[in-house]
Amino acid sequence: MDLWPGAWTVLLSLFLLLLFLLPALWFCSPSAKYFFKMAFYNGWILFLAVLAIPVCAVRGRNVENMKILRLMLLHIKYLYGIRVEVRGAHHFPPSQPYVVVSNHQSSLDLLGMMEVLPGRCVPIAKRELLWAGSAGLACWLAGVIFIDRKRTGDAISVMSEVAQTLLSQDVRVWVFPEGTRNHNGSMLPFKRGAFHLAVQAQVPIVPIVMSSYQDFYCKKERRFTSGRCQVRVLPPVPTEGLTPDDVPALADRVRHSMLTIFREISTDGRGGGDYLKKPGVGEARL
């Protein structure tokens with residue numbers, strides 16, 4: 001059905017109004033800028049996943065496809081003016097499987113992960129990500145390991161299979177032991193699945209700490225600017241000879257070492273700004 005002349009005028013007026021409002025919101029409203037940036041961040045990742053899928057499909061589901069995803073995602077930090085500094089990369093064991101454990105602050109962790117991701121390393125992710133459109137399919141093709149955290153029996157079974165895969169296929173896995181994103185500029189207690197996995201496979205644990213994003217990103221305040229983030233790779237923690245009974249103490253020891261580094265690199269001007277320096281802020285949450 002054809003639109004009457006007045007309707008075209010209304011549509012044109014709405015279009016021009018939109019063209020005016022978007023730049024005005026961008027420059028005048030930090031909250032609007034936050035939502036625009038996050039929408040583009042997620043939309044751009046979905047678009048890149050569409051491009052990656054046919055390339056990854058040539059190999060099928062293969063951990064080597066993670067190199068393709070990493071290559072396609074590395075540039076995103078430049079779009080947002082985020083400088084990622086990596087220290088301690090020499091701590092990665094050169095020729096053996098291991099379990100990486102890292103703190104988890106937001107979806108922006110993807111930037112730090114891609115900056116330092118070692119070869120043949122794939123994340124362990126919640127199963128819901130598998131249904132995240134093109135991103136879910138791209139992750140599946142790249143060998144990402146999906147776990148249904150609501151079904152403990154299935155999660156334990158998957159972890160047992162992962163332990164065998166670590167040794168038989170020389171694969172490394174990346175786990176966020178906090179279990180969920182933590183936007184409070186601190187570090188939540190660790191769940192023990194990653195540590196049981198490392199002990200079961202008798203492989204080292206490599207802790208990785210990403211500094212606080214508080215100087216350039218805060219979900220609660222709807223703030224997203226440019227800034228710097230430091231990624232620190234800590235020396236590997238051996239698990240040879242440990243048993244399941246040693247896991248609680250192992251998890252606590254690794255968390256303590258990571259928390260110490262998190263505080264250090266989040267208050268030295270290289271990530272996190274002065275957030276953790278403020279009296280009563282950060283310390284109370286740690």
Side-chain angles (χ1 to χ4, degrees), residues 62-64 66-67 69-70 84-105 109-110 112-126 142-147 149 155-179 187-211 229-265:
N62 192 312
V63 296
E64 292 295 333
M66 186 56 68
K67 293 179 180 178
L69 299 191
R70 179 173 183 262
V84 182
E85 301 175 350
V86 178
R87 297 186 181 182
H90 61 280
H91 288 310
F92 283 120
S95 58
Q96 71 175 108
Y98 47 84
V99 175
V100 173
V101 294
S102 173
N103 57 319
H104 194 17
Q105 301 178 73
D109 293 339
L110 184 65
M113 177 191 291
M114 293 299 105
E115 195 73 18
V116 75
L117 189 74
R120 297 190 63 77
C121 181
V122 294
I124 291 180
K126 59 183 181 181
V144 171
I145 300 163
F146 298 98
I147 290 182
R149 294 182 299 185
I156 293 174
S157 175
V158 171
M159 282 295 194
S160 297
E161 294 178 7
V162 172
Q164 298 175 9
T165 302
L166 283 175
L167 301 175
S168 63
Q169 300 183 25
D170 186 30
V171 172
R172 294 93 181 178
V173 296
W174 186 302
V175 185
F176 294 104
E178 291 172 277
M187 196 176 294
L188 298 174
F190 284 179
K191 299 181 183 301
R192 297 171 180 170
F195 303 93
H196 278 290
L197 171 61
V199 168
Q200 183 176 346
Q202 294 287 281
V203 299
I205 295 169
V206 179
I208 293 182
V209 183
M210 300 184 197
S211 63
C229 171
Q230 185 179 143
V231 180
R232 182 78 65 87
V233 183
L234 306 188
V237 179
T239 63
E240 290 87 346
L242 299 185
T243 68
D245 292 337
D246 299 311
V247 166
L250 175 65
D252 289 342
R253 177 158 52 95
V254 170
R255 182 181 181 274
H256 176 74
S257 66
M258 292 176 64
L259 188 53
T260 299
I261 297 299
F262 178 80
R263 289 171 172 169
E264 175 189 323
I265 65 178

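The basis for the numbers below is simple: all heavy atoms, side chains too, and nothing from hydrogens, waters or symmetry mates. Predicted, not measured: the structure shown is a model, and the values here were computed from it.
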Write down the atom of [X], the atom of [Y], and the distance for their closest heavy-atom approach.
X	Y	value
Leu242	Gln202	O-NE2, 3.2 Å
Val209	Asn103	CA-OD1, 3.5 Å
Pro207	Val254	CG-CG1, 4.1 Å
Gly143	Val122	O-CG2, 3.6 Å
Arg232	Ile261	CG-CG2, 3.9 Å
Cys229	Met210	SG-CB, 4.4 Å

Are any side-chain N or O atoms of Arg87 and backbone N or O atoms of Val233, one a donor and one an acceptor, separated by less than 3.5 Å?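 No, the answer is negative, given that no donor and acceptor are paired below the 3.5 Å cut-off.
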
Examine distances only and state if a side-chain atom of Arg255 and a backbone atom of Pro177 form a donor-acceptor pair shorter than 3.5 Å.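 Looks like no, no N/O pair under 3.5 Å.
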
Using a 4.5 Å cut-off on heavy atoms from C-beta on, say whether the side chain of [Y] contacts that of [X].
X	Y	result
Met66	Pro123	yes
Tyr98	Val237	no
Leu117	Val100	no
Thr165	Val173	no
Asp109	Ser102	no
Asp246	Val199	no
Val63	Gln169	no
Leu110	Met114	yes

Using the side chain to side chain contact (heavy atoms under 4.5 Å, CB included) rule, take Val203 and Leu167 through it: C-alpha gap first, then chi angles, then the decisive distance, then the call. CA-CA 9 Å; Val203 299; Leu167 301 175; 3.8 Å; yes

Nearest 0.5 Å, please: how far is NE2 in His196 from OG1 in Thr243?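 Going from the OG1 atom of Thr243 to the NE2 atom of His196 covers 10.0 Å.
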
Counterpart residues, salt bridge (Lys or Arg N to Asp or Glu O under 4.0 Å), relative to Arg172 (two or more places apart):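 Arg172: salt bridge (Lys or Arg N to Asp or Glu O under 4.0 Å) contacts with Asp170.
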
So that I can tick it off, tell me whether Lys191 and Glu178 are bridged by a salt bridge, with the cut-off set at under 4.0 angstrom between side-chain N and carboxylate O. no

Quick one, Val99 with Thr239, criterion side chain to side chain contact (heavy atoms under 4.5 Å, CB included). Give me CA distance, side-chain angles, the key distance, then yes/no. CA-CA 11 Å; Val99 175; Thr239 63; over 6 Å; no

Before you tell me yes or no, could you show the steps for Val144 and Trp174 under side chain to side chain contact (heavy atoms under 4.5 Å, CB included), namely the whole-Å CA-CA distance, both residues' side-chain angles and the distance that decides it to 0.1 Å? CA-CA 10 Å; Val144 171; Trp174 186 302; over 6 Å; no

Verdict with reasoning, Met113 to Phe176, per side chain to side chain contact (heavy atoms under 4.5 Å, CB included): CA-CA 11 Å; Met113 177 191 291; Phe176 294 104; 3.4 Å; yes

